[in-house]
Trainee: 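Quick one: the structure is below, questions incoming.
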Amino acid sequence: NGDSIFIFKDAFTLLLVPKITTHCPLVYLDLSLCYKVGKEDMTNVVAAIKARSSLQRFVCIGMTVSSVCIEVLSSTPSLTHLCLCGIQELSDGMIDMISRLAGSHLVELDVSNCLQLTDNACSSIANHCQNLEALGLMHLGEVRGTELSRLFLDKRAENFKCITLSGTKNLPISVIKAIVENCSNLEVLTMAGLKSISDEIAFSVAAHCRSIMQISFRNCDLTDLGVCQIAIHCPKLVMIALAGIHDLTDKCIIALAENCPCLNELYLSGCAKITKQAVTYLMDCAIGWVYVNHSTPNAPFGLLMAKDLDKGEYTRVDDLPLEPLVRRTNAIHV
């Protein structure tokens, strides 16, 4: 008699949904990867769910859906969370339908990896979605997203807690700036692979997104300065991904160690200038257990870390002359 959650993994059990809904009001339904389910079967399932008006979360990854199914789903008044990742049939027109019919009550919308989508879909989302807290737009090669700026330039910006943009490489810097300067309650932000990301964006995150908990800068153009600012001003950080940023050094790791005690995930693969010694220091400083992914096959051996007594900072000094090193630092092999 209570609310129910179902995850279906094959077509046979999926066809039982209409019977199940007569007894159990579904609140969360995951139909991901049910490849053998036809469009007509999917439409029948969604219609049966809508009749009970109980569905709140719908997840459908890698499936085939019809416009009729999207229309029935979008007009379900209780729907608040919608994930339609990797659906190749998903078009700008379907996104417009979703936005118009469900935009007033949708809290989460994820259409990552839907390769047909263009800027028209972004415009529909910006026009009609009024209460979004989470938006997923990853790996959309045809999207520039200029129209998205309107989502982040009015009062709606304060609602956002999660924005994932990794791999959508054509996003202009103006959209990124609008997000980090106005979404002050953000907790999750992923921008992996966006070449427009620099220290300027990291400084804005540090200044405006003090509640950030998870952030990804994989393969972005950052330096120690940007990461250090985030470490200093975002103490709630629990996950940061910096893999593939080749210019980062131990300086940013020391900053994370000394300012982010709750950090429990750190991704550093490819950061050859970051030493294992610095990572060990961070793990010793953290409150709990920390998972660190740090694969650097080309990292040099025999590294020497030292603390500059004038600046109070740790740095690599294995390539400096020994005599000045002895005068100015306490240097030890670690």
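Any value given below was found using the heavy atoms of this structure, including those in side chains, with hydrogens, waters and symmetry copies removed.
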Trainee: If Ile, Leu, Val, Met, Phe, Trp and Tyr residues are connected whenever their side-chain heavy atoms lie under 4.5 Å apart, and connections chain through other members, are Trp289 and Met239 in the same group?
Mentor: yes
Trainee: Taking atom OG of Ser196 and atom NZ of Lys177, what is their separation to the nearest 0.5 Å?
Mentor: 10.0 Å
Trainee: For the pair His128 (side chain) and Ser104 (backbone), establish whether a donor and an acceptor sit closer than 3.5 Å, ignoring hydrogens and angles.
Mentor: no
Trainee: Between Ile179 and Asn182, is there a side-chain heavy-atom distance shorter than 4.5 Å?
Mentor: no
Trainee: Can Leu101 be reached from Ile70 by stepping across I, L, V, M, F, W or Y side chains whose heavy atoms are under 4.5 Å apart?
Mentor: yes
Trainee: Is it the case that more than 12 heavy atoms not belonging to Gln88 sit under 6.0 Å from its CD atom?
Mentor: yes
Trainee: Distance from Met94 atom CE to Ser74 atom OG, nearest 0.5 Å?
Mentor: 10.0 Å
Trainee: Under the 3.5 angstrom rule, does the side chain of Asp119 hit a backbone N or O of Arg144 as a donor-acceptor pair?
Mentor: yes
Trainee: Locate the shortest heavy-atom distance separating Gly226 from Phe203; write the atom from each residue and the value.
Mentor: CA-CE2, 3.8 Å
Trainee: Tell me, with the steps shown, if Ile125 and Ile95 meet side chain to side chain contact (heavy atoms under 4.5 Å, CB included).
Mentor: CA-CA 7 Å; Ile125 293 171; Ile95 293 297; 3.9 Å; yes
Trainee: Provide the closest heavy-atom pair for Gly136 versus Asp110 in the form atom of the first, atom of the second, distance.
Mentor: O-OD1, 3.4 Å
Trainee: Between Ile173 and Leu148, is there shared hydrophobic-cluster membership here, with clusters defined by ILVMFWY side-chain heavy atoms closer than 4.5 Å?
Mentor: yes
Trainee: Donor-acceptor pair, Asn259 side chain versus Ala255 backbone, under 3.5 Å?
Mentor: yes
Trainee: Between Asp154 and Arg150, does any NZ, NE, NH1 or NH2 come within less than 4.0 Å of an OD or OE carboxylate oxygen?
Mentor: no
Trainee: For Asp221 and Ser198, test the side chains for any donor-to-acceptor distance below 3.5 angstrom and give the result as yes or no.
Mentor: no
Trainee: Ser166 and Ala192: which non-hydrogen atoms are nearest, and at how many Å?
Mentor: OG-N, 3.0 Å
Trainee: Nearest 0.5 angstrom please: Glu133 CD to Cys162 SG, how far?
Mentor: 10.5 Å
Trainee: Look only at the side chain of Ser123 and the backbone of Glu147, and say whether a donor-acceptor pair between them is shorter than 3.5 Å.
Mentor: no
Trainee: Are Val180 and His208 packed together at the side-chain level, in the sense that at least one heavy-atom pair is separated by less than 4.5 angstrom?
Mentor: no
Trainee: Do you know which two heavy atoms are closest between Ile98 and Leu84, and how far apart they sit?
Mentor: CD1-CD1, 3.6 Å
Trainee: For a quick check under 3.5 Å, do Asn131 and Arg156 share a side-chain donor-acceptor pair by atom type?
Mentor: no
Trainee: Can Leu266 be reached from Met283 by stepping across I, L, V, M, F, W or Y side chains whose heavy atoms are under 4.5 Å apart?
Mentor: yes
Trainee: Using 0.5 Å steps for rounding, measure from the OG atom of Ser216 to the CG atom of Leu242.
Mentor: 8.0 Å
Trainee: How close do Cys234 and Ala206 get, heavy atom to heavy atom, and via which atoms?
Mentor: SG-CA, 4.1 Å
Trainee: I'd like to know if Met191 and Tyr267 are part of one continuous hydrophobic network [Ile/Leu/Val/Met/Phe/Trp/Tyr, side-chain heavy atoms within less than 4.5 Å].
Mentor: no
Trainee: Nearest heavy-atom pair of Thr146 and Val175: which atoms, and what distance?
Mentor: CA-CG2, 4.0 Å
Trainee: Testing the 3.5 Å rule here: is there a donor-acceptor pair between the side chains of Thr223 and Asp247?
Mentor: no
Trainee: Are Glu187 and Lys236 ion-paired here, with the side-chain N under 4.0 Å from a carboxylate O?
Mentor: no
Trainee: Find out whether Asn113 and Ile87 are in side-chain contact, i.e. whether some heavy atom of one side chain is under 4.5 Å from a heavy atom of the other.
Mentor: no
Trainee: Looking only at atom types and distance, does a side-chain atom of Thr80 sit under 3.5 Å from a main-chain N or O of Gln56, one as donor and one as acceptor?
Mentor: yes
Trainee: If you round to the nearest 0.5 Å, how far is CG of Leu171 from CD1 of Ile197?
Mentor: 8.5 Å
Trainee: Could you tell me whether the side chain of Asp96 reaches within less than 4.5 Å of the side chain of Asn120, counting heavy atoms only?
Mentor: no
Trainee: Does the side chain of Leu189 come within less than 4.5 Å of Cys209's, by heavy atoms?
Mentor: no
Trainee: Can the ring centres of Tyr28 and Phe58 be said to be less than 6.0 Å apart?
Mentor: no
Trainee: Between Ile163 and Val188, does the side chain to side chain contact (heavy atoms under 4.5 Å, CB included) criterion hold? Intermediate values first, please.
Mentor: CA-CA 6 Å; Ile163 298 176; Val188 178; over 6 Å; no
Trainee: Give, for atom CG of Leu248 and atom NZ of Lys273, the distance between the pair rounded to the nearest 0.5 Å.
Mentor: 9.0 Å
Trainee: Show the numbers, then the answer: is there a side chain to side chain contact (heavy atoms under 4.5 Å, CB included) between Leu106 and Leu132?
Mentor: CA-CA 6 Å; Leu106 271 183; Leu132 284 179; 4.2 Å; yes
Trainee: What I'd like to find out is whether the side chain of Leu137 reaches to under 4.5 Å of the side chain of Val111, using heavy atoms alone.
Mentor: yes
Trainee: Do Lys169 and Lys195 come close enough that some side-chain heavy atom pair is under 4.5 Å?
Mentor: no
Trainee: Starting from the C-alpha separation in whole Å, work towards a yes-or-no answer on side chain to side chain contact (heavy atoms under 4.5 Å, CB included) for Leu135 and Phe160.
Mentor: CA-CA 8 Å; Leu135 179 63; Phe160 280 98; 4.0 Å; yes
Trainee: Any side-chain heavy atom of Cys83 within less than 4.5 Å of one from Ile61?
Mentor: yes
Trainee: Asp250 vs Thr275, test: side chain to side chain donor-acceptor pair (under 3.5 Å). Steps then yes/no.
Mentor: CA-CA 6 Å; Asp250 289 347; Thr275 68; 2.7 Å; yes
Trainee: If you count the non-hydrogen atoms of other residues, nucleotides and ligands that lie under 6.0 Å from CZ in Arg100, is the total more than 12?
Mentor: yes
